[in-house]
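Let me begin by presenting the structure, written as structure tokens, before commenting on it.
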Amino acid sequence: MKSEPSVFGIDDLAECPNETTHWDGVRNYQARNMLRDQMKVGDLAFFYHSNCKPPAIVGIMEIVREGYPDHTAHDPDCPYYDPKSTAENPRWYMVDVKLVKKFKRPVSLEEMKRHPQLEGLPLLRRGNRLSVMPLEAKHWHFILTLSET
DNA sequence: GCCAACGTTGGC
DNA sequence: GCCAACGTTGGC
């Protein structure tokens with residue numbers, strides 16, 4: 001799950017009550033479908049810092065509430081406002097996430113690109129713009145190992 | 001349903 | 001700041 005640290009980074013999550021928050025603002029249908037349909041309580045996710053230097057995976061979160069309507073779409077004062085989404089017919093969804101741990105060190109995009117073991121990782125696909133994306137267990141474990149070295 | 005124009009994302 | 005890669009919009 002991606003976020004720009006200048007907007008909301010892993011340290012912001014650490015400062016949230018109970019280190020938990022709702023992951024709002026996703027406005028892409030593919031990502032929406034994953035938030036709404038696939039992510040289950042207890043699932044784990046990497047926290048990725050995008051659009052910063054260096055872009056990197058910085059920690060782990062746990063899904064603590066399954067997909068429910070993203071109310072920020074209904075607030076005209078919110079940058080994520082979408083007039084086409086209503087309370088009766090919500091278009092956008094979010095989940096609640098809780099910080100599991102911050103990595104001992106960030107695992108940068110550049111570093112991940114260097115490892116052939118991570119071939120096929122959706123994050124490394126050229127032109128990828130999904131803010132929520134799945135990954136395979138083998139990639140998960142490999143990245144975790146990198147973070148511990 | 002096609003596709004050109006435009007907007008956004010995000011690495012570099 | 002540049003630009004590739006997508007997604008969205010809207011005319012037809």
Side-chain angles (χ1 to χ4, degrees), chain A residues 1-16 21-39 43-63 66-149:
Chain A
M1 302 175 75
K2 294 187 197 176
S3 183
E4 302 189 14
S6 62
V7 178
F8 186 86
I10 193 163
D11 292 329
D12 296 308
L13 179 56
E15 283 168 20
C16 288
T21 193
H22 48 264
W23 198 267
D24 60 25
V26 173
R27 296 293 179 267
N28 168 284
Y29 287 104
Q30 250 183 291
R32 186 278 310 268
N33 292 346
M34 281 185 273
L35 290 170
R36 188 188 58 188
D37 307 330
Q38 287 183 245
M39 298 165 71
D43 283 354
L44 298 177
F46 285 139
F47 195 135
Y48 177 74
H49 280 176
S50 68
N51 206 8
C52 60
K53 287 180 185 179
I57 294 176
V58 292
I60 297 175
M61 303 182 286
E62 179 180 351
I63 309 307
E66 283 164 28
Y68 63 106
D70 181 346
H71 56 76
T72 65
H74 309 144
D75 176 1
D77 295 326
C78 178
Y80 305 127
Y81 178 59
D82 180 355
K84 292 176 197 150
S85 184
T86 62
E88 298 74 36
N89 191 14
R91 172 171 303 204
W92 304 114
Y93 282 73
M94 58 189 180
V95 297
D96 285 357
V97 293
K98 180 181 169 69
L99 181 64
V100 173
K101 75 157 150 182
K102 187 175 166 177
F103 281 170
K104 277 198 297 187
R105 64 172 189 90
V107 176
S108 73
L109 183 63
E110 184 273 333
E111 178 180 0
M112 288 188 276
K113 283 179 173 174
R114 287 206 309 263
H115 290 284
Q117 292 93 332
L118 293 178
E119 210 167 299
L121 182 69
L123 186 65
L124 302 184
R125 266 206 305 265
R126 219 159 67 106
N128 117 72
R129 289 170 49 188
L130 269 186
S131 58
V132 181
M133 62 186 91
L135 79 166
E136 295 173 45
K138 62 178 182 184
H139 292 153
W140 172 275
H141 292 302
F142 187 79
I143 292 166
L144 207 49
T145 304
L146 287 181
S147 77
E148 285 161 356
T149 57

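Proteins come first, then strands; the chains are lettered A, B, ... in the order of their sequence lines, and each starts at number 1.
Expressed to the nearest 0.5 Å, how far CD1 of I63(A) lies from CE of M39(A) amounts to 3.5 Å.
With sequence neighbours left out, K102(A) forms a salt bridge (charged side-chain N to carboxylate O under 4.0 Å, His left out) with D11(A).
Checked for salt-bridge contact, D70(A) and R32(A) miss the test: no charged N lies under 4.0 Å from a carboxylate O.
Using a 4.5 Å cut-off on side-chain heavy atoms (C-beta onward), P69(A) and W92(A) make no contact.
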Pair R105(A)-E111(A), salt bridge (Lys or Arg N to Asp or Glu O under 4.0 Å): steps then yes or no: CA-CA 12 Å; R105(A) 64 172 189 90; E111(A) 178 180 0; 2.9 Å; yes
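Residue contacts for E110(A): at a heavy-atom cut-off of 4.0 Å it reaches no nucleic acid atom on any strand shown. Note on K113(A): only backbone sugar-phosphate atoms sit closer than 4.0 angstrom, heavy atoms only; bases stay farther off.
Contacts between chain A and DNA chain B, taken as any atom within less than 4.0 angstrom of a protein heavy atom, begin and end at dG7(B) to dC12(B).
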